[in-house]
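Here is the structure we will look at, set down as structure tokens.
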Amino acid sequence: EEDLLNDVCREVVEKWSESQIVDAKEKKEDEIQAIASMMEKQARIVVKPKEVSQEEKQRKAALLAQYANVTDEEEYPFPDSDEQDGSIATAVNIGSEKSLFRNTNVEDVLNARKLERELLRDEFQKKKEQDKLQREKDKLAKQERKEKEKKRTQKGERKR
């Protein structure tokens, strides 16, 4: 009976492994079928072109024209004096009146630089005044030392 039992067990295991192989093949076929159907669905999807109104086309054209006409001076202003600040600022204002909106970045940078220069100028003036006062104090102290030295020498000469 043991031989029969072993044979039966071996046969059951063989049948089970065969059924597993068949199931695996069926799963692969199902996966391939699912992928194929997904690809077919994607192929059917058509992107509709976006309808653009005439007004939007005109806006886009105006923006492109505005940026096409930007010069190096307007794009990167590095003024050395206050006179140039005014001329560049007016050029920026004139250019922005033609456009649909104003780009205030250049103006903001110019204003920030102007404020910075004014602050530096004020600090320099304060430092200059402080230096002047310090020189006057030093001068007075030097004179006082000279006078004291003079008095000391005069006292020494009187004692002799």
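Heavy atoms only: backbone and side chains are in, while hydrogens, waters and symmetry mates are out.
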Nearest 0.5 Å, what's the CD-NZ distance between E31 and K28?
8.5 Å
Euclidean distance, K155 NZ relative to T153 OG1, rounded to 0.5 Å
11.0 Å
Run K151 and K148 through side chain to side chain contact (heavy atoms under 4.5 Å, CB included) and show every step you take.
CA-CA 5 Å; K151 287 180 182 178; K148 283 183 181 179; 5.7 Å; no
Please step through side chain to side chain donor-acceptor pair (under 3.5 Å) for the pair D138 and Q134, ending with a clear verdict.
CA-CA 6 Å; D138 292 345; Q134 188 63 39; 3.2 Å; yes
Does atom CD of E116 have more than 12 heavy-atom neighbours, drawn from other residues, nucleotides or ligands, at distances under 6.0 Å?
no
Approximate separation, where rounding is to 0.5 Å, of L4 CG and C9 SG
11.0 Å
To the nearest 0.5 Å, what is the distance between CD on Q143 and NZ on K150?
10.5 Å
Please report the interatomic distance CZ(R121) to NZ(K114), rounded to the nearest 0.5 Å.
10.0 Å
Using the rule given for side chain to side chain contact (heavy atoms under 4.5 Å, CB included), can you reason through K137 versus L140, listing the C-alpha separation, both sets of side-chain angles and the distance that settles it, and then say yes or no?
CA-CA 5 Å; K137 285 181 183 178; L140 287 174; 5.8 Å; no
Has E118 got more than 12 heavy atoms of other residues, nucleotides or ligands less than 6.0 Å from its CD?
yes
Report the C-alpha distance between E55 and R59 in whole Å, list the side-chain angles of each, state the deciding distance to 0.1 Å, and finish with yes or no for salt bridge (Lys or Arg N to Asp or Glu O under 4.0 Å).
CA-CA 6 Å; E55 182 180 323; R59 267 192 211 146; 2.7 Å; yes
Inspect the surroundings of CD in E18 and state if more than 12 heavy atoms from other residues, nucleotides or ligands are less than 6.0 Å away.
yes
Could you walk me through whether D131 and K127 pass the salt bridge (Lys or Arg N to Asp or Glu O under 4.0 Å) test, one step at a time?
CA-CA 6 Å; D131 289 347; K127 173 110 173 81; 3.4 Å; yes
Given the options V109, L110, T104, D108, V106 meets side chain to side chain contact (heavy atoms under 4.5 Å, CB included) only with L110
Approximate separation, where rounding is to 0.5 Å, of Q154 CD and E149 CD:
11.0 Å
So R10 and D7, side chain to side chain contact (heavy atoms under 4.5 Å, CB included) or not? Walk me through it.
CA-CA 5 Å; R10 201 175 298 124; D7 288 340; 3.2 Å; yes
Quick one, K57 and Q54 - any side-chain contact, counting heavy atoms below 4.5 Å?
yes
